[in-house]
Amino acid sequence: QVQLVESGGGSVQAGGSLRLSCEVSRSRYSGDCMGWFRQAPDSDREGIAGFDTNTGSTFYAASVKGRFTVSRHNTKNTLYLQMNTLQPDDTATYYCALLTGAARKMYDSSCEVTSEYNYFGQGTQVTVSS
């Protein structure tokens, strides 16, 4: 069973920055998609960033593009989300996500934020105050 563990959440004032980390209990496989989702109270879960381990390509939702950066550690199976210029609307629980290479191939999926990722972490809370 794959486990994803997020860390790095917290409280910050508007305009501030945070970096989230996600440790994945699975060896690095070329072909996996890794990503970040978030869910605000009374809202649906939203995909905000995706990372293609095949190519290193990244994908972003319009709401975070230009402010957030997704990256992966060079050797470990750790995913990061650097969040800059945070705003109160960014307040949410943030989830790390994985779309395995096998599932990706089966469903012919990309690593876009709209794809159906098949593993999620427990989440970490980010609160941005004005």
Side-chain angles (χ1 to χ4, degrees):
Q1 182 73 8
V2 178
Q3 289 188 319
L4 298 87
V5 180
E6 303 94 340
S7 61
S11 297
V12 65
Q13 289 193 323
S17 298
L18 282 173
R19 189 173 86 150
L20 305 183
S21 299
C22 172
E23 303 279 348
V24 182
S25 68
R26 169 180 165 91
S27 299
R28 289 165 62 101
Y29 286 102
S30 179
D32 287 352
C33 296
M34 303 174 78
W36 291 95
F37 286 66
R38 69 183 181 186
Q39 187 168 19
D42 300 322
S43 297
D44 293 332
R45 187 165 59 189
E46 170 193 18
I48 57 171
F51 184 92
D52 187 333
T53 62
N54 268 341
T55 64
S57 297
T58 55
F59 307 88
Y60 297 97
S63 57
V64 305
K65 194 168 186 177
R67 300 188 298 125
F68 291 11
T69 302
V70 62
S71 61
R72 190 172 75 155
H73 192 280
N74 285 340
T75 57
K76 297 188 289 185
N77 209 11
T78 301
L79 190 70
Y80 303 104
L81 184 68
Q82 178 66 43
M83 305 186 293
N84 297 329
T85 321
L86 283 160
Q87 300 300 318
D89 284 349
D90 295 316
T91 295
T93 300
Y94 284 71
Y95 299 90
C96 180
L98 177 73
L99 171 59
T100 61
R104 181 182 176 184
K105 187 177 293 186
M106 182 181 300
Y107 298 108
D108 192 25
S109 295
S110 70
C111 298
E112 295 277 358
V113 298
T114 52
S115 293
E116 293 289 331
Y117 284 64
N118 53 339
Y119 289 97
F120 291 86
Q122 293 297 308
T124 186
Q125 178 67 34
V126 172
T127 302
V128 185
S129 57
S130 57

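If you're wondering where the values come from, they're calculated on a predicted model, not measured in any experiment.
Identified under the salt bridge (charged side-chain N to carboxylate O under 4.0 Å, His left out) test for residues 69-97, with sequence neighbours left out: Arg38-Asp90, Arg67-Asp90. The disulfide bond (SG atoms under 2.5 Å apart) contacts involving residues 34-78 comprise nothing, where partners must be two or more places apart or lie in separate chains. Within the structure, ring-ring contact (aromatic ring centres under 6.0 Å, His included) pairs that include any residue of residues 31-63 comprise Phe37-Tyr117, Phe37-Phe120 (at least two apart or interchain). Every pair tested for ring-ring contact (aromatic ring centres under 6.0 Å, His included) that includes a residue from residues 65-91 fails, sequence neighbours excluded, so the list is empty. Within the structure, disulfide bond (SG atoms under 2.5 Å apart) contacts touching residues 44-130 (residues at least two apart or in different chains) are Cys22-Cys96, Cys33-Cys111.
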Using distance only, find each side-chain donor-acceptor pair of residues 97-108 under 3.5 Å and give its atom names and separation, not counting sequence neighbours.
{"from": "Thr100", "atom 1": "OG1", "to": "Ala103", "atom 2": "N", "distance (Å)": "3.3"}
{"from": "Thr100", "atom 1": "OG1", "to": "Asn118", "atom 2": "ND2", "distance (Å)": "3.4"}
{"from": "Arg104", "atom 1": "NE", "to": "Ser109", "atom 2": "O", "distance (Å)": "3.2"}
{"from": "Arg104", "atom 1": "NH1", "to": "Gly31", "atom 2": "O", "distance (Å)": "3.1"}
{"from": "Arg104", "atom 1": "NH1", "to": "Asp52", "atom 2": "OD1", "distance (Å)": "3.2"}
{"from": "Arg104", "atom 1": "NH2", "to": "Asp52", "atom 2": "OD2", "distance (Å)": "2.9"}

Quiz prompt | side chain to side chain contact (heavy atoms under 4.5 Å, CB included) evaluation trace for Leu20 with Glu6 | solution = CA-CA 7 Å; Leu20 305 183; Glu6 303 94 340; over 6 Å; no
Self-check item: Test log, rule side chain to side chain contact (heavy atoms under 4.5 Å, CB included), inputs Asn77 and Met34
Solution: CA-CA 10 Å; Asn77 209 11; Met34 303 174 78; 3.6 Å; yes
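Gly9 and Val126 make their closest contact through CA-CG2, 4.2 Å (heavy atoms, listed as atom of the first residue, atom of the second, distance). Taking all atoms of both residues into account, the shortest heavy-atom contact from Glu112 to Ser110 is CG-OG, 3.0 Å. For the pair Ala14 and Gln87, the tightest heavy-atom approach, listed with the atom from each and the gap, is CB-OE1, 4.4 Å. Of all heavy-atom pairs spanning Pro88 and Ser130, the tightest one is CG-CB, 3.9 Å. Shortest non-hydrogen contact noted between Leu18 and Leu86 is N-CD1, 3.8 Å.
Shown here are the side-chain hydrogen bond (donor to acceptor under 3.5 Å, both in side chains) partners of Thr93, two or more places apart in sequence or in another chain: Gln125. Legend: residues meeting side chain to side chain contact (heavy atoms under 4.5 Å, CB included) with Ser129, ordered by chain and number and at least two apart, are Gln13. Partners of Ser21 by side-chain hydrogen bond (donor to acceptor under 3.5 Å, both in side chains), not counting sequence neighbours: none found. By the salt bridge (charged side-chain N to carboxylate O under 4.0 Å, His left out) test, Arg19 pairs with no residue at all, sequence neighbours left out. Ser17 is linked by a side-chain hydrogen bond (donor to acceptor under 3.5 Å, both in side chains) to Asn84, counting only residues two or more places apart in sequence or in another chain. Taking Glu23 as the reference, Thr78 meet the side-chain hydrogen bond (donor to acceptor under 3.5 Å, both in side chains) condition, with sequence neighbours excluded.
Around the CD atom of Gln3, the shell of radius 6.0 Å holds no more than 12 heavy atoms that belong to other residues, nucleotides or ligands.
Side chain of Thr124 to backbone of Tyr94: no donor-acceptor contact under 3.5 angstrom is found.
Tyr95 and Leu81 fall into different hydrophobic clusters, defined by Ile, Leu, Val, Met, Phe, Trp and Tyr side-chain heavy atoms under 4.5 Å apart, directly or through other members. In the hydrophobic clustering of this structure, Val70 does not group with Val113; members are Ile, Leu, Val, Met, Phe, Trp, Tyr whose side-chain heavy atoms approach within less than 4.5 Å, directly or through other members.
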